[in-house]
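Bear in mind that the values here come from a model prediction, so they are computed numbers and not experimental data.
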Number of protein chains: 2
Amino acid sequence: MDSSSGKLESSDKLLLAALHLIAEKGYNGVTTQEIATAAGLSEKTLFRHFGSKQKLLEAAFDRYHYAAEMKKLFAEKLVWDLEKDLLLVTTTYHEIMNRNRKMIQISLKEDEGQLPGFRERTQKHPQQLLEILTNYFIDMSSKGKIVTANPELHAFTFIMMHFGAFMNDLDSHKSYPGITLEPFVQESVRLFARALRP
Amino acid sequence: MDSSSGKLESSDKLLLAALHLIAEKGYNGVTTQEIATAAGLSEKTLFRHFGSKQKLLEAAFDRYHYAAEMKKLFAEKLVWDLEKDLLLVTTTYHEIMNRNRKMIQISLKEDEGQLPGFRERTQKHPQQLLEILTNYFIDMSSKGKIVTANPELHAFTFIMMHFGAFMNDLDSHKSYPGITLEPFVQESVRLFARALRP
DNA sequence: AGTATGTCAGTCAGTACTGACAGTCTATTT
DNA sequence: AAATAGACTGTCAGTACTGACTGACATACT
């Protein structure tokens with residue numbers, strides 16, 4: 001077990017393969033056979049490690065779900081300059097969403113029931129972010145730096161903008177060829193800053 | 001076959017049941033047995049009508065996919081008042097997305113391959129809308145009524161906002177309790193109008 | 001008579017999961 | 001150096017169940 005080498009352990013190979021395939025084809029759309037083969041292992045090994053297909057999925061979710069506290073990420077980084085702060089929020093948001101990309105794809109495809117408690121966890125970040133951003137807007141307006149109305153709705157609107165963009169990018173849906181994330185982020189922040197200008 | 005009565009024909013009952021169940025649990029998550037029972041019919045009848053589960057899904061998609069040309073919807077309704085027009089665009093957008101709600105849920109859950117050409121059709125509206133809105137912004141800025149920069153990115157940003165909100169509402173994910181669509185639509189339009197003010 | 005449906009029994013393929021046995025590799029002991 | 005033990009994996013054959021799909025026959029309604 002050389003855990004410091006580049007080689008992955010068998011169980012990790014299986015978890016990753018499961019994550020990829022289930023995100024792509026859905027839980028019922030993939031066979032244990034497929035997963036094992038994709039991991040370069042035998043089906044038997046899969047069952048020896050995880051006991052069942054369900055437990056494999058759960059283990060994969062546990063292992064690779066990224067769930068840091070957002071509050072800490074922002075607590076000391078905000079500089080109370082609207083555009084700069086929104087940019088920080090946005091890039092952090094997309095970073096976290098991308099880290100959890102596979103998990104999000106899976107919980108979109110599967111209905112609750114199959115995935116006990118999965119949805120809760122994928123919803124943790126969005127809710128935290130809404131709180132943080134709402135409070136930020138409240139503070140900013142009390143400093144007189146932005147308009148002072150509907151901070152929660154404004155935060156929600158801002159988040160939906162980027163949630164939409166993320167979802168659009170997911171699966172490479174490519175509904176909108178020629179538009180990439182980078183310029184969108186820039187311009188959307190600039191627009192939003194204009195909108196909130198007192 | 002009294003097609004004018006309130007009673008649905010058997011094939012329609014099956015199509016609707018299939019649409020509901022597949023949207024909820026995914027194609028592989030539902031059995032033909034379940035669908036037939038939900039429609040109040042026997043499994044045999046399902047196969048007599050559609051021959052196979054695949055063809056049932058395709059028929060459901062064909063029958064209930066709403067695909068009007070957006071251009072016609074707007075051609076005569078725009079009044080060249082930014083807020084009013086954006087409100088029209090938004091409500092029309094949400095109306096069409098909601099009409100196709102089930103179809104969108106299905107094409108999200110299933111990967112291409114299972115659904116030949118489905119994605120294309122669910123992407124038709126968004127693309128049309130981007131064109132229309134982009135052209136609208138170009139015209140508006142040449143009339144001097146809004147800022148004159150990045151019309152396509154602005155249109156994209158606006159659409160992503162509402163796409164995000166729609167996706168968030170889909171499946172009643174309810175990531176954000178206490179926030180409803182109506183006030184969001186109002187406020188987001190107002191915000192956007194402020195942002196584009198020259 | 002003709003059409004739509006239900007019932008029932010059954011076929012066939014796929015799939016999660018198991019048990020028995022054997023091979024390989026590593027570390028430790030002799 | 002050789003032998004041994006233990007952990008991990010592969011192969012293979014097989015079980016049990018599910019689920020799409022069929023055929024034969026009966027029933028009801030028009």
Side-chain angles (χ1 to χ4, degrees), chain A residues 1-61 63 106 109-111 113-116, chain B residues 1-61 63 106 109-111 113-116:
Chain A
M1 312 315 132
D2 185 358
S3 65
S4 68
S5 96
K7 286 257 169 201
L8 288 167
E9 305 216 3
S10 292
S11 59
D12 275 316
K13 287 190 210 163
L14 288 165
L15 291 172
L16 285 173
L19 221 49
H20 285 124
L21 289 171
I22 295 177
E24 191 183 333
K25 319 215 269 179
Y27 182 78
N28 290 314
V30 187
T31 70
T32 50
Q33 180 63 255
E34 269 181 282
I35 296 172
T37 304
L41 296 165
S42 77
E43 198 186 1
K44 184 77 205 184
T45 302
L46 185 159
F47 283 102
R48 273 199 272 249
H49 275 274
F50 299 101
S52 77
K53 193 185 176 187
Q54 267 290 335
K55 284 183 193 159
L56 169 63
L57 173 55
E58 284 160 23
F61 218 88
R63 184 106 161 66
I106 291 175
K109 284 183 211 266
E110 311 305 325
D111 59 343
Q114 291 250 0
L115 316 197
Chain B
M1 310 318 129
D2 185 357
S3 67
S4 68
S5 97
K7 286 255 168 201
L8 288 166
E9 306 219 4
S10 293
S11 60
D12 275 316
K13 288 190 210 163
L14 287 165
L15 291 173
L16 285 172
L19 221 49
H20 285 124
L21 288 171
I22 295 176
E24 190 183 333
K25 319 216 268 178
Y27 181 79
N28 290 315
V30 187
T31 69
T32 51
Q33 180 63 256
E34 270 182 282
I35 296 172
T37 304
L41 295 165
S42 77
E43 197 186 2
K44 186 75 205 185
T45 303
L46 186 159
F47 283 102
R48 271 197 274 249
H49 275 274
F50 300 101
S52 79
K53 192 185 176 186
Q54 267 289 335
K55 284 184 194 162
L56 169 63
L57 172 57
E58 284 160 23
F61 218 88
R63 184 105 162 68
I106 291 176
K109 282 182 212 267
E110 311 304 327
D111 61 342
Q114 291 249 1
L115 315 197

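Sorted by first and then second residue, the salt bridge (charged side-chain N to carboxylate O under 4.0 Å, His left out) pairs with a member in residues 38-49 of chain A form an empty list; sequence neighbours excluded.
To the nearest angstrom, P of C:dA16 lies 12 Å from CG of A:L21. Distance CZ (A:F50) to P (C:dA16): 15 Å, rounded to an integer number of Å. In this structure, A:L41 atom CG and D:dA7 atom P are separated by 19 Å, rounded to whole Å. Remark: P of C:dG14 and CD of A:E34 are 13 Å apart, rounded to the nearest angstrom. Across the protein-nucleic acid pair, B:D12 atom CG and C:dA4 atom P stand 14 Å apart, rounded to whole Å.
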With 3.5 Å as the limit, what N/O pairs link the protein to nucleotides 19-22 of chain C?
unit_1 : atom_1 : unit_2 : atom_2 : d
C:dG19 : N7     : A:K44  : NZ     : 2.7

Would you tabulate the nitrogen or oxygen pairs shorter than 3.5 Å linking the protein to nucleotides 18-21 of chain D?
unit_1 : atom_1 : unit_2 : atom_2 : d
D:dA20 : OP1    : B:V30  : O      : 3.4
D:dA20 : OP1    : B:K53  : NZ     : 3.1
D:dA20 : OP2    : B:T32  : N      : 3.0
D:dA20 : OP2    : B:T32  : OG1    : 2.9
D:dC21 : OP2    : B:K53  : N      : 2.7

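The phosphate of D:dC8 (OP1 or OP2) has no side-chain N or O of A:H49 nearer than 4.0 angstrom. Checking the phosphate oxygens (OP1, OP2) of D:dG10, a side-chain nitrogen or oxygen of A:T45 falls inside 4.0 Å.
Here the CD atom belonging to B:E24 is positioned 11.0 Å from the CD1 atom belonging to B:I106, to the nearest 0.5 angstrom. Atom CD1 of A:I35 sits about 10.0 Å away from atom CZ of A:F50, to the nearest 0.5 Å.
Here the shortest heavy-atom pairing between A:A39 and A:L14 reads CB-CD2, 3.8 Å. Taking all atoms of both residues into account, the shortest heavy-atom contact from B:N28 to A:G29 is ND2-CA, 3.7 Å.
Classification of A:R63 and A:D12 as a salt-bridged pair holds, one side-chain N sitting under 4.0 Å from a carboxylate O.
No side-chain donor-acceptor contact under 3.5 Å links B:Y27 to the backbone of B:K109.
Side-chain contact check for B:T37 versus B:Q33: some heavy-atom pair is nearer than 4.5 Å.
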